[in-house]
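The structure appears right after this line, and notes come after that.
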Amino acid sequence: MTEKPIGEMTFEEALAELDGIVQALESGDTPLEESIKLYERGNRLKKRCQEALSAAEEKVERITLDAGRPSGSVSYEE
């Protein structure tokens, strides 16, 4: 299995792999050393997903529509 570099993954790819890792770890059938490697990769995937979500959130916060054109910055919570 060739592991794609995490930095090159889309959010969806990282999330799908993370889901697979969680399932493998929860099954209890993975040997200890492999579990540790999976946990480490899962942690990096989680960070990648968080970064992608934060970047998307920033874009949403910066964009407001005024007559169809971006016009300033408004928090997504408003």
Side-chain angles (χ1 to χ4, degrees):
M1 177 178 136
T2 303
E3 292 182 353
K4 184 174 184 176
I6 293 172
E8 296 176 11
M9 291 181 149
T10 65
F11 171 80
E12 292 79 8
E13 290 171 330
L15 189 60
E17 185 175 339
L18 182 57
D19 185 49
I21 288 172
V22 168
Q23 290 178 19
L25 291 173
E26 286 180 344
S27 76
D29 296 330
T30 309
L32 179 61
E33 289 300 317
E34 181 66 18
S35 292
I36 292 169
K37 288 178 186 177
L38 286 173
Y39 184 83
E40 290 171 340
R41 184 158 173 90
N43 198 36
R44 293 190 305 272
L45 287 163
K46 177 182 156 253
K47 182 179 178 187
R48 170 73 177 116
C49 289
Q50 288 173 327
E51 289 170 351
L53 287 173
S54 291
E57 187 176 90
E58 283 181 30
K59 287 179 185 178
V60 170
E61 287 180 355
R62 281 190 241 130
I63 297 173
T64 60
L65 293 179
D66 180 36
R69 295 182 310 249
S71 65
S73 176
V74 174
S75 172
Y76 73 95
E77 294 175 341
E78 292 181 4

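Since this is a predicted model, take the numbers as computed values, not measurements.
Separation of atoms SG (Cys49) and CD (Glu13) is listed at 10.5 Å; rounding is to 0.5 Å. Once rounded to the nearest 0.5 Å, the distance linking CG of Leu45 with CG of Asp19 reads 11.0 Å. Separating the CG atom in Leu18 from the CD atom in Gln23 is a distance of 10.5 Å, to the nearest 0.5 Å.
Shown here are the side-chain contact (heavy atoms from CB on, under 4.5 Å) partners of Ala16, two or more places apart in sequence or in another chain: there are none.
Grouping the Ile, Leu, Val, Met, Phe, Trp and Tyr side chains by contacts below 4.5 angstrom, directly or via other members, places Leu53 apart from Val60. Hydrophobic cluster membership differs between Phe11 and Val22, with clusters built from Ile, Leu, Val, Met, Phe, Trp and Tyr side chains linked at under 4.5 angstrom. Transitive grouping of hydrophobic side chains (ILVMFWY, heavy atoms separated by less than 4.5 Å) keeps Leu15 and Ile21 in distinct clusters.
Of the possible polar contacts, none joining the Arg48 side chain to the Ala14 backbone as a donor-acceptor pair under 3.5 Å is found.
Applying the side-chain hydrogen bond (donor to acceptor under 3.5 Å, both in side chains) test to pairs two or more places apart or on separate chains, none has a residue in residues 27-40.
Between Lys4 and Glu17 no salt bridge is recorded (no basic side-chain N to carboxylate O distance below 4.0 Å).
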